[in-house]
Structures are given as structure tokens and as C-alpha cells.
Amino acid sequence: LIKDGSVKKNLSKDILAGIVVGIVALPLAIAFAVASGVSPEKGIITAIVAGFLISFFGGSRVQIGGPTGAFIIIVYGIVNDYGLDGMIISTIFAGVIMIGFGMLRLGTLLKFIPHPLIVGFTSGIALTIFSTQISSALGLTLTDVPGSFIGKWGAYFGGMDTVNWYAVGITVVTVLIAVYMPKITSRVPGSFVAILVVTPIVAFLLPEGAVTTIGSEFGEIKCNLTPVFPSIEWDQLSHYLQPAMTIAILGAIESLLSAVVADGMISGHHRSNTELIAQGIANIASPLFGGIPATGAIARTMANINNGGKTPVAGMVHAVVLLLILLFLMPLAQYIPMACLAGVLVIVSYNMSGWRTFKALLKNPKSDVTVLLITFFLTVIFDLTIAIEVGLVIACVLFMHRVMETTEISVIKDEINLNEESNSKEDEENLSIPKGVEVYEINGPYFFGIATKFEEIMSRLGDRPKVRIIRMRKVP
């Protein structure tokens, strides 16, 4: 890009795009961190460290990396089960796995994960994110909210007598600003404007302590980028394999999906394996500075493209903008009300749900609908790890079943008509089949599922022949 002059030619546009994307990323980074159960600055640190490295090493010209909504449920679960050290180790482990994916050139293979599976877990994550924000959106004073989806809603309905109407008003105002701001201007993100409007109102007009803020929830916000080294118990490393694999697979899918969408916007072509290696490097570095898992962010990547970003410089500028905000303006974040962040995440979960795509997929063949619904409900009721594992297995089984249905096995008893199979203009004599000979013809893919079908057909014919001929000229 430097040699062909792209960077120099587009430098001013890239810098402007980077500044805009940095502003877009700020409220999202804070909201994703808080929803993940970690302090707000960890989201911004992730966007700074991972965002810079993904742009610098990545295989896409315009990809913007950072924390995303897809990781909220995973990070929240890991922090609850293993603590912050466990989250750091799992993320580093995931980074190593993603580099392995790239080195083994699995980037193209990941593109073949079934679309219903991706829509199923994405919609499930969106609903789960929405359910985690009800308490903050309504200002409920609940001391112990269960981790399960059904348990959460039971607690919410039980605590409705503690609704804080100030919080409800803040949530509604945030949602309205986020929804209607793009109709006024698409240059400034609605979530950022909502925070700028709502935070001063809470700080200066409402009674002190009227609503919960980031400061009252998390205390003092640290603004430094110092290395963090977790305490590792080497005999416990195997415990982190499952969450690490979930982070790696989800991060790989999200980043490549974002890169593919970006390719369509800029008429470009990303290098999927290079992108995976960059994602791996970013996920090793991010937790070492106190960050959380990161991947390619579709919304921020689209904002980059729409504002004129054409080279990785835009992504690196976005990281620098967030670094300056972290160093000089982060203490002001303590005044942001939790209800405002809940409103931002309500919009994120709605956009992420893809309900129109979900609804359209329900008209697909039963196998697609099965994968979609099972993945969706497993994500919501259990967790994403189980949903991806079960969804992939079911998708593979249904695919093999579909292939089995396309393969035909026929028994030729009397004679073989060679003229039906030959492109030659000359007439050829039919081949008669002698007594004691059975001829089977397989038309279509042949694998272990078809072998069972083949065996059933042979057993139905009864007597064992002297000679069995299997014609496989139509087996790919």
C-alpha cells in the first residue's frame, strides 16, 4: 500500500475516517466492557491495542477491530467461572489458536460454516445481551440476578416494584436519540450523542444518587496502559481450552464475516489467513494490557468505509484517538449513567438480532430450520459453546443425510445399454449379464452412509452371486 501510493493518496481521508470511527467506538467499547462484567476502561484498552494490531497486521484494508457484542456473554461467563486471570489466559490461548488457524490456512474453510448456524447463534447472543440489560434499563435494585436466561426474567418480574423511573426515562431518551440521529446526520453516531446529552443532565439536574452511574458501580476508573501478567497454574491449563476454543472460533467467524462484507463495499479482496493471524496477535496482546477478546467489528468497519477510509491507516488512527481519550478524558466516564449504556446495548442487540434474516430462514428446508432453531435456543438457554458444538454436529449430519438422498444405487439384472452412456454416434451392442452375476451401479458421492445403504440393497436380493460387479463411473 505504501509502494503503490495508496496511503499517501488517501491519507487525509483515512485520518478523518479514523477520528470518526474512534468516536463511534468509544460508547460501544465502554458498553461492551461493562456488560461483560469488567470495568469500562478494559473495553477502550481492547479497542486501542487490538484495534491497532488488527489494522497493522491484518489481511483487510479497511477492517476495524475491537470488542464486539458477540463476546459479551462469553467474557461474562469466563469472568464468573474463572475470574479475571482466567479470562486473560483464555484470551491468550484463543489468540494462539487463531494464529494456528491462519498458519494451517483454515481461513477459507471457516467460510463454509452454515449460514443458519451463524444466524442462530448471532440472534441468540442478541436476545441474551438484551436480557442482561433489563435491570439497568429499568433501574431495578436487584442484589442477586441468576445467570440463566429464564432465571433472569423471573428475577426481573419479581423486582418490578423497584423500577426507577429516572432510569427508564434515560433509557428511552438514549434509544430515541440513537434511532433518530442517523436521520439528522450519519457523521456523528447516535450512541455518542446520547451519552453527551444524557450525562450532563444526570450530573447537574437530577438529585445525587438518583440513578446508578459507572462511577457508583465500578468506583475509580484507571487510565493507564500497564502490562498485566496473570498467575498461571500450569496443571489447570486444560480447563481453559473450551472457552479459548469458543473465543477463537467466534472471533474467526466474526472477523472473516466482517472482512467479506467489507470486500463487497470496496470491491476488494481480503487475505483470510493473514487476517486470522492478525486477530491472533491482537488477542494475545490485548489481555496482556488488561483488555478483553477482540475481533473484526462490522458496524465500525462500515463506518470506516462510509467515511472514506481505504487503508489500514484509518484503523490505526482510530486506536490513537481512543488512546488520547483514555489518557485525558476517561475520568469523565464515571458520570455516564448505567441506564444510558443499557439503552446503547438495546440498540446493539436489536441490530445484531437480524430478525428479518431469521424470519426468512424459517422458510428454508427443514434441515436449515432445524440447525437455526436448535442453535438459537441452545445459545439462549445454555451457552454459546454448547450451541456452536451441537450446531456444527447437527449441520454435518444433516448435510451427509442430504448427500445420501442424492446418491442412487441401482441393480442391473438383464443387460447394459451402452448407447445410453456413450456419446459415440456408432451403435454398440448391449452387454448381456450372465447367470450368477450381479451388476450394481452407484450414481453420486460414495461414503460410509451410502455403504450402509448399499449393504441393505444387497441383503434384500438374497442369494450370494458368483460374481458381483460394481460400476462406479458416476461416483465423483
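Only this structure's heavy atoms are used, side chains among them; waters, hydrogens and symmetry mates stay out.
- Thr274 contributes no side-chain N or O that, together with a main-chain N or O of Gly59, makes up a donor-acceptor pair within less than 3.5 Å.
- Ion pairing of Asp14 with Arg61 is absent here, as no side-chain N (NZ or NE/NH1/NH2) approaches a carboxylate O to less than 4.0 Å.
- The shortest heavy-atom contact between Pro293 and Phe71 is O-CD1, 3.9 Å.
- Considering all non-hydrogen atoms of both residues, Ile44 and Leu322 come closest at CG2-O, 3.9 Å.
- The main-chain N or O of Pro230 is never found under 3.5 Å from a side-chain atom of Asp85 such that the two would form a donor-acceptor pair.
- Under the 4.5 Å side-chain criterion, counting only non-hydrogen atoms from C-beta, Ile134 is in contact with Trp153.
- The number of heavy-atom neighbours closer than 6.0 Å to CZ of Phe130, taken from other residues, nucleotides and ligands shown, is 12 or below.
- Counting heavy atoms from C-beta outward, Pro40 and Val34 have side chains that approach closer than 4.5 Å.
- Not a single donor-acceptor pair under 3.5 Å links the side chain of Asp368 to the backbone N or O of Pro114.
- To the nearest 0.5 Å, atoms CD (Glu389) and CG (Asp383) are separated by 8.5 Å.
- In this structure, NE2 on His318 lies 8.5 Å from CD1 on Ile48, to the nearest 0.5 angstrom.
- Checking Val380, Leu250, Leu372, Leu378 one by one against Phe121, the side-chain contact (heavy atoms from CB on, under 4.5 Å) holds for a single residue, Leu250.
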### Task
Report the C-alpha distance between Thr46 and Phe32 in whole Å, list the side-chain angles of each, state the deciding distance to 0.1 Å, and finish with yes or no for side-chain contact (heavy atoms from CB on, under 4.5 Å).
CA-CA 11 Å; Thr46 306; Phe32 292 151; over 6 Å; no
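- Across Ile450 and Pro445, no two heavy atoms sit closer than the pair CG1-O, 3.5 Å.
- In this structure, Leu138 and Tyr156 have side chains that are not in contact, with every pair of non-hydrogen atoms separated by 4.5 Å or more.
- Scanning all heavy atoms of the two residues, the minimum distance from Ser55 to Gly315 falls at OG-CA, 3.1 Å.
- In this structure, Met265 places its CE atom where more than 12 heavy-atom neighbours from other residues, nucleotides or ligands lie under 6.0 Å away.
- Interatomic distance, Leu127 CG to Thr379 OG1, rounded to the nearest 0.5 Å: 10.0 Å.
- The two atoms that bring Lys474 and Pro476 nearest to each other are O-CD, 3.5 Å, heavy atoms only.
- Aromatic ring pairs are classed by plane angle as parallel below 30°, tilted from 30° to 60° and perpendicular above 60°; the pair Phe52 and Phe56 is parallel.
- In this structure, the side chains of Val62 and His270 stay at 4.5 Å or more apart for every pair of heavy atoms.
- Note: Ile45 CD1 to Ile292 CD1 = 10.0 Å, rounded to the nearest 0.5 Å.
- Judged by distance alone, the side chain of Ser123 and the main-chain N or O of Ser353 form a donor-acceptor pair under 3.5 Å.
- Contact check for Met302 versus Ile305: side-chain heavy atoms found under the 4.5 Å cut-off.
- Of the possible polar contacts, one joining the Glu275 side chain to the Ser60 backbone as a donor-acceptor pair under 3.5 Å is found.
- For CZ of Arg105, the number of neighbouring non-hydrogen atoms (other residues, nucleotides, ligands) closer than 6.0 Å is 12 at most.
- Within a 6.0 Å radius of CD1 in Ile150, other residues, nucleotides and ligands contribute 12 heavy atoms or fewer.
- Annotation for Glu455: atom CD does not count as buried by contact number, only 12 or fewer foreign heavy atoms lying within 6.0 Å.
- For Lys453 (side chain) and Thr407 (main-chain N/O), a donor-acceptor pair under 3.5 Å exists by modelled atom type.
- Heavy-atom contacts from other residues, nucleotides or ligands closer than 6.0 Å to NZ of Lys152 number more than 12.
- Formation of a donor-acceptor pair under 3.5 Å by the Thr375 side chain with backbone atoms of Val371 is found in this model.
- The heavy-atom pair separating Arg300 from Ala25 by the smallest distance is CD-CB, 3.8 Å.
- For the pair Thr301 and Val261, the minimum side-chain heavy-atom distance is 4.5 Å or more.
- Below 30°, between 30° and 60°, or above 60°: for Tyr350 and Trp355 the angle between ring planes is between 30° and 60°, a tilted geometry.
- Under a 3.5 Å cut-off, the side chain of Thr295 and the backbone N or O of Ser255 do form a donor-acceptor pair.
- In this structure, a donor-acceptor pair under 3.5 Å is present between the side chains of Gln63 and Ser258.
- In this structure, Ser367 OG and His401 NE2 are separated by 8.5 Å, a value rounded to the nearest 0.5 Å.
- A 4.5 Å side-chain heavy-atom check between Ile89 and Tyr82 finds every atom pair outside the cut-off.
- Proximity of a side-chain donor or acceptor of Asn283 to a complementary backbone N or O of Ala294 within less than 3.5 Å is detected.
- Contact check for Ile72 versus Ile125: no side-chain heavy atoms found under the 4.5 Å cut-off.
- Note that the CD atom of Gln133 and the CD1 atom of Ile129 stand 8.0 Å from one another [nearest 0.5 Å].
- Around atom OH of Tyr76, no more than 12 heavy atoms belonging to other residues, nucleotides or ligands sit under 6.0 Å away.
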